[in-house]
Visitor: 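My questions all concern the structure below.
From a predicted model like this one, the values you see are computed outputs, not experimental measurements.
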Amino acid sequence: VTDLSLLHLDSSANRSDASVTRQLTALFADAWLARHGHSGYRHRDLAADPVPPLDTAYCTLGRRVERRGLVPLADVPALAIDEAEHRAWALTEPLVAELLAADTVLIGAPMYNYSVPAALKAWIDRVTFPGAFLDPVTGDSALRDTRVVVIASRGGTYRADPRHDFQTTYLRSYFDRHGVTDMTVVTAELAVADLVPHLAPYRQLAADSLAAARAEVAELAEFSAVTG
Ligand SMILES: Cc1cc2nc3c(=O)[nH]c(=O)nc-3n(C[C@H](O)[C@H](O)[C@H](O)COP(=O)(O)O)c2cc1C
């Protein structure tokens, strides 16, 4: 058991037994837990327990904070002027703290309509409060030592032509722009080939893609067990 921490996020609306991303994130999490124990582990099911979408109070508080430049998170409550803003911060701060505390962030991210599920986007919008990831003194990213592992899956295939992939390209850009330097994306493609009759010819490719993703996740989890 170590003092390392893993924040595990799932965002598929499918039941675990039907969800490719949930099965793959569980594979990683189980290996991590076997090595590091439960004390640093936090699981958030963003589909079952959704993060509320942003409201006006979040924006007015955010704008007030932005106007001041770099504000330490501990000073934000003093800038809230009414009940709604305090409530907005009370919904936001624990999620930000959880993210900043994590050595590794594991994200299950299915493709929904070419992008990520709204449940995951709602979490992203909320944790990305102005200045939340910046050191208030140096302005450096507080996420520069955070390891991000994204487990992506989608019904179709986008590897050959990523023009319509706003899922993995979006997550790569988002974390890159916020200073994450250690990011791995594992992608299972053609995940609905077993289900959809006209994709039947792709069933072998789908099975190969899933097997490759499982092997990648197992290897990542192994690596993570050794290095943290
Ligand atoms: C609401 C919804 C929208 C989807 N949109 C797309 C899409 O635009 N492109 C695609 O390739 N697959 C799409 N799919 C298929 C999923 O990406 C695929 O089934 C994936 O494995 C879902 O993740 P899960 O297995 O973890 O639930 C969609 C599925 C759902 C439920």
Side-chain angles (χ1 to χ4, degrees), residues 5-14 21-22 25 40-148 150 152 166-180 183:
S5 56
L6 173 67
L7 174 61
H8 170 180
L9 304 173
D10 280 310
S11 62
S12 165
N14 254 326
T21 56
R22 284 179 187 274
T25 57
Y41 177 69
R42 181 80 175 93
H43 182 221
R44 235 174 222 286
D45 189 333
L46 298 171
D49 184 13
V51 169
L54 305 188
D55 58 6
T56 306
Y58 177 102
C59 294
T60 51
L61 179 60
R63 287 167 64 86
R64 198 168 309 113
V65 167
E66 269 188 308
R67 220 173 275 131
R68 300 209 166 207
L70 292 173
V71 173
L73 291 177
D75 294 352
V76 174
L79 293 172
I81 58 162
D82 59 21
E83 212 24 61
E85 290 187 7
H86 280 288
R87 208 167 36 243
W89 187 240
L91 288 170
T92 305
E93 191 277 335
L95 299 172
V96 172
E98 203 170 75
L99 172 58
L100 294 180
D103 299 295
T104 300
V105 184
L106 170 68
I107 303 177
M111 178 184 280
Y112 281 2
N113 299 305
Y114 306 104
S115 182
V116 298
L120 176 56
K121 186 59 166 47
W123 177 84
I124 289 174
D125 287 345
R126 195 163 277 279
V127 294
T128 319
F129 189 82
F133 309 148
L134 298 177
D135 182 304
V137 177
T138 62
D140 289 346
S141 170
L143 299 178
R144 68 184 182 283
D145 296 324
T146 308
R147 178 179 187 222
V148 175
V150 168
F166 299 96
Q167 171 201 28
T168 61
T169 52
Y170 165 65
L171 291 170
R172 279 186 197 281
S173 293
Y174 171 79
F175 285 109
D176 179 57
R177 298 286 292 175
H178 286 289
V180 170
M183 177 166 182

Visitor: If the plane angle is over 60° it's perpendicular, under 30° parallel, otherwise tilted; pick one for His178 and Tyr174.
Guide: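 Ring orientation of His178 relative to Tyr174: tilted.
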Visitor: Less than 4.5 Å apart, any side-chain heavy atom of Glu85 and any of Thr60?
Guide: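 Side-chain contact under 4.5 Å: yes.
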Visitor: Can you find a pair of side-chain heavy atoms, one from Leu99 and one from Leu143, that are under 4.5 Å apart?
Guide: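 SC-SC contact between Leu99 and Leu143 confirmed.
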Visitor: Describe, in one word, how the ring planes of Tyr58 and Phe129 are oriented to each other, choosing from parallel (under 30°), tilted (30 to 60°) and perpendicular (over 60°).
Guide: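 Plane angle over 60°, so perpendicular.
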Visitor: Quick one: does Tyr170's side chain get under 4.5 Å of Lys121's, heavy atoms only?
Guide: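 Yes, at least one pair of side-chain atoms sits under 4.5 Å.
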Visitor: Before giving the answer on side-chain contact (heavy atoms from CB on, under 4.5 Å), spell out for Arg68 and Leu79 the whole-Å C-alpha distance, their side-chain angles and the decisive distance to 0.1 Å.
Guide: CA-CA 10 Å; Arg68 300 209 166 207; Leu79 293 172; 3.4 Å; yes
Visitor: How far apart are the closest heavy atoms of Val71 and Val65, and which atoms are they?
Guide: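 Nearest heavy atoms, Val71 then Val65: CG2-O, 3.7 Å.
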Visitor: Quick one, Asn113 with Phe166, criterion side-chain contact (heavy atoms from CB on, under 4.5 Å). Give me CA distance, side-chain angles, the key distance, then yes/no.
Guide: CA-CA 9 Å; Asn113 299 305; Phe166 299 96; over 6 Å; no
Visitor: Can you tell me how far apart CG (Asp103) and CG (Leu6) are? Round to the nearest 0.5 Å.
Guide: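 The CG atom of Leu6 is 9.0 Å from CG of Asp103, to the nearest 0.5 Å.
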Visitor: In the structure I gave you, are the side-chain heavy atoms of His8 and Thr25 within less than 4.5 Å of one another anywhere?
Guide: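 Heavy-atom side-chain distance check passes, below 4.5 Å.
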Visitor: How long is the gap from CG on Leu120 to OG1 on Thr21, to the nearest 0.5 Å?
Guide: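 Nearest 0.5 Å value for the CG-OG1 distance: 10.0 Å.
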Visitor: Are His86 and Leu61 side-chain neighbours, meaning at least one heavy-atom pair lies under 4.5 Å?
Guide: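 Heavy-atom side-chain distance check fails, nothing below 4.5 Å.
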Visitor: Once you round to the nearest 0.5 Å, how far does OG of Ser141 lie from CZ of Arg177?
Guide: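 Going from the OG atom of Ser141 to the CZ atom of Arg177 covers 12.0 Å.
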Visitor: Is the closest side-chain heavy-atom distance between Arg172 and Val150 below 4.5 Å?
Guide: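 Not in contact.
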Visitor: I need the Glu98 CD to Leu7 CG distance, nearest 0.5 Å.
Guide: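 Spacing of CD (Glu98) from CG (Leu7) equals 5.0 Å.
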Visitor: Atom OG1 of Thr128 and atom CG of Leu95: how far apart are they, to the nearest 0.5 Å?
Guide: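 With rounding to 0.5 Å, OG1 (Thr128) is 10.5 Å from CG (Leu95).
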Visitor: So, for Ala132 and Val96, which heavy atoms are closest and what is the spacing to 0.1 Å?
Guide: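 The answer is CB-CG1, 4.0 Å.
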Visitor: For residues Pro117 and Pro110, determine if any side-chain heavy atom of one lies less than 4.5 Å from a side-chain heavy atom of the other.
Guide: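 When only atoms from C-beta onward are counted, Pro110 and Pro117 do touch, with a gap below 4.5 Å.
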Visitor: Testing the basics here: between Ser11 and Gly108, what is the closest heavy-atom pair and its distance to 0.1 Å?
Guide: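 Answer, listing the atom of Ser11 first, then Gly108: OG-O, 2.7 Å.
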Visitor: Mark yes or no for whether Arg22, through its side chain, and Ser12, through its backbone, hold a donor-acceptor pair below 3.5 Å.
Guide: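 Checked: pair present.
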Visitor: Would you indicate whether the side-chain heavy atoms of Leu91 and Arg126 approach each other to under 4.5 Å?
Guide: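 Yes; the side chains approach each other to less than 4.5 Å.
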Visitor: In sequence, state the C-alpha distance, the side-chain angles, and the governing distance for Thr168 and Met111, and then conclude on side-chain contact (heavy atoms from CB on, under 4.5 Å).
Guide: CA-CA 9 Å; Thr168 61; Met111 178 184 280; over 6 Å; no
Visitor: Check Ala109 against Leu171 and note the closest heavy-atom contact, atom names and distance.
Guide: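 What the structure gives for the nearest pair is CB-CD1, 3.8 Å.
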Visitor: If I compare all heavy atoms of Thr146 with all of Val105, which pair ends up nearest, and what's the gap?
Guide: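 Closest approach of Thr146 to Val105: CG2-CG2, 3.8 Å.
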Visitor: Measure across Pro77 and Leu73 and return the closest heavy-atom pair with its distance rounded to 0.1 Å.
Guide: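 Scanning both residues, the minimum pair turns out to be CD-O, 3.6 Å.
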